[in-house]
Amino acid sequence: MARSWPEYNTNPRSAHFLTYDSGNARLLRDDARPVRSRHPVMAVLQGVHKNLLSGLTGSIVLASVSLCFCLALLSGVIVYAPFMRGRPFGTVRSGRRQAFSWLDFHNFLGMALTVWMAAVGITGFMNALSDPLFMTWQQQDVRKVLNPWQGQTPPPVGALAPIGSVLAAAQAALPGMRIVSAVFPGAGIGSPFHYLVWVKGDKVLTGRLFTAVLVDARSGQVSAVLRMPWYLNFLELSRPLHFGDYGGMPLKVIWASLDLVVIAVLVSGIVLWIGKRKIATGAPLRALGSDINPEHISACLSCSVTEGK
């Protein structure tokens with residue numbers, strides 16, 4: 001509960017949470033204290049991962065980075081085949097030329113995880129664009145449904161239909177679906193004239209797909225059932241794949257381990273890039289363990305990358 005939506009949106013800590021038993025309506029908990037947020041470090045890390053703590057601008061930047069990541073994977077696949085021609089997959093050369101070992105190590109890990117990295121990159125691109133996509137849906141689909149109520153006065157709290165009848169109306173409109181939440185009129189993500197009831201299926205696949213039901217705040221009757229467009233359905237299906245939510249904790253552990261391997265790919269790429277810059281500026285070839293004349297560095301580098309010598 002809160003005094004008003006504007007106050008809650010400005011200061012979420014002003015909320016007063018009441019927890020009831022859904023079967024007998026018995027009050028289980030009355031938390032009049034300020035709402036405790038999750039651990040501040042995790043909150044900051046999640047914000048950085050989601051939008052660089054910069055709102056919509058940060059989301060667009062991360063979407064661009066995800067797209068570049070996917071393009072880098074594609075280019076790596078294209079150049080890998082001719083580069084490894086005549087060698088068994090996973091060959092890592094050893095010896096004096098350390099740079100070649102780094103290159104083979106980088107290529108092997110990259111190719112072994114290409115499919116997984118592509119899946120995470122594409123789903124990350126979609127997740128970074130989640131806010132713009134939902135805004136597009138609101139502007140194109142939801143606004144059309146709400147046009148008949150424009151200019152009307154929102155109902156006062158005392159005139160709102162009982163939440164029980166609202167949920168019953170939504171359930172009757174979509175039998176076989178499961179209600180997961182109901183947003184009261186006036187919320188920033190809803191409508192001042194409607195309850196916004198979210199429902200989803202009860203199967204493995206449909207359980208990831210949401211449908212919005214707008215219920216008139218005065219009468220308690222269903223005004224509209226809003227099916228999600230294809231791009232939001234794709235987004236919702238991509239979320240558990242991106243975060244490893246399909247298989248519980250075991251899959252999360254696997255996802256975290258694969259993340260560490262991807263970090264190794266990135267580190268090896270940085271090492272190669274730094275080594276290439278040293279060679280390009282005429283620095284000694286200590287990293288290569290070679291006594292090649294600096295005048296022939298460019299030619300040798302081109303030859304080694306192209307032919308793998």
Side-chain angles (χ1 to χ4, degrees), residues 2 5-6 8-12 15 37-38 42-67 69-70 119-150 154 166-167 170 173-174 177-201 205-217 222-246:
W5 278 115
Y8 174 77
N9 292 332
T10 302
N11 179 25
S37 60
R38 57 183 177 274
M42 295 303 295
V44 171
L45 290 177
Q46 184 178 13
V48 171
H49 187 78
K50 180 180 179 181
N51 55 22
L52 299 177
L53 301 176
S54 302
L56 181 60
T57 301
S59 297
I60 298 300
V61 171
L62 286 180
S64 302
V65 171
S66 299
L67 183 60
F69 177 72
C70 294
V120 173
I122 294 172
T123 55
F125 174 77
M126 291 297 299
N127 277 275
L129 293 179
S130 60
D131 289 344
L133 290 177
F134 272 101
M135 291 171 58
T136 299
W137 172 67
Q138 288 178 326
Q139 294 296 323
Q140 292 182 351
D141 297 344
V142 180
R143 175 171 289 186
K144 293 179 181 179
V145 175
L146 296 180
N147 279 337
W149 285 270
Q150 295 302 317
V166 169
L167 298 181
L174 292 172
M177 305 286 280
R178 183 162 58 93
I179 296 175
V180 293
S181 68
V183 182
F184 276 68
I189 60 174
S191 160
F193 312 101
H194 299 83
Y195 287 91
L196 175 60
V197 182
W198 290 101
V199 302
K200 63 180 182 180
L205 183 61
T206 59
R208 301 287 180 177
L209 302 177
F210 292 87
T211 299
V213 182
L214 290 176
V215 181
D216 190 280
V222 173
S223 298
V225 175
L226 301 175
R227 305 283 183 177
M228 295 293 102
W230 68 268
Y231 53 85
L232 288 183
N233 284 334
F234 182 75
L235 169 64
E236 294 302 331
L237 291 175
S238 72
R239 290 188 191 276
L241 181 60
H242 183 77
F243 295 107
D245 287 344
Y246 277 120

Exercise. Any side-chain heavy-atom pair from Val120 and Phe69 closer than 4.5 angstrom?
Worked result: no

Problem set entry | Check: Leu129 and Ser59 side chains under 4.5 Å, non-hydrogen atoms | no

Exercise. Are Val142 and Phe134 close enough, and set up right, to give a side chain to side chain contact (heavy atoms under 4.5 Å, CB included), and what steps lead you there?
Worked result: CA-CA 10 Å; Val142 180; Phe134 272 101; over 6 Å; no

Quiz: residues 226-240 side-chain donor-acceptor pairs under 3.5 angstrom, not counting sequence neighbours:
unit_1: Asn233; atom_1: ND2; unit_2: Met228; atom_2: O; d: 3.3
unit_1: Ser238; atom_1: OG; unit_2: Phe234; atom_2: O; d: 3.4
unit_1: Ser238; atom_1: OG; unit_2: Leu235; atom_2: O; d: 2.7
unit_1: Arg239; atom_1: NH1; unit_2: Asn127; atom_2: OD1; d: 3.1

Exercise. Do you know the tightest heavy-atom contact between Ala63 and Phe125?
Worked result: O-CD1, 3.2 Å

Exercise. To the nearest 0.5 Å, how far apart are CZ in Arg143 and CD in Gln150?
Worked result: 7.5 Å

Problem set entry | Asp131 vs Lys50, side chain to side chain contact (heavy atoms under 4.5 Å, CB included): CA-CA, chis, key distance, verdict | CA-CA 10 Å; Asp131 289 344; Lys50 180 180 179 181; 4.2 Å; yes

Seminar exercise, completed: Smallest heavy-atom separation, Cys70 atom then Ile122 atom, equals SG-N, 3.7 Å

Exercise. Is any side-chain heavy atom of Leu214 closer than 4.5 Å to a side-chain heavy atom of Leu146?
Worked result: yes

Seminar exercise, completed: Correct closest heavy-atom pair for Gly124 and Ser66 would be C-OG, 3.9 Å

For this session: Report the C-alpha distance between Met177 and Val213 in whole Å, list the side-chain angles of each, state the deciding distance to 0.1 Å, and finish with yes or no for side chain to side chain contact (heavy atoms under 4.5 Å, CB included).
Result: CA-CA 11 Å; Met177 305 286 280; Val213 182; over 6 Å; no

For this session: Please report the shortest heavy-atom distance between Asn9 and Pro12, naming the atom on each side.
Result: O-CD, 4.4 Å

Exercise. Which residues pass the side-chain contact (heavy atoms from CB on, under 4.5 Å) test with Pro154, sequence neighbours left out?
Worked result: Pro192, Phe193

Seminar exercise, completed: d(Leu241 CG, Thr123 OG1) to nearest 0.5 Å is 5.0 Å

Exercise. What are the two closest heavy atoms between Val199 and Leu174, and how far apart are they?
Worked result: CG2-CD1, 3.4 Å

For this session: Any side chain to side chain donor-acceptor pair (under 3.5 Å) involving residues 185-200? Give me the pairs, sequence neighbours left out, ordered by first then second residue.
Result: Ser191-His194, His194-Ser223

For this session: Please indicate whether Phe243 has more than 12 foreign heavy atoms, meaning atoms of other residues, nucleotides or ligands, lying under 6.0 Å from its CZ.
Result: yes

Problem set entry | Distance (rounded to the nearest 0.5 Å) between Leu62 CG and Ser54 OG | 8.5 Å

For this session: Compare all side-chain heavy atoms of Leu53 with those of Gln46 and state whether any distance is below 4.5 angstrom.
Result: no

For this session: Indicate the atoms forming the closest heavy-atom contact of Ala212 with Trp137, along with that distance.
Result: CB-CH2, 4.1 Å

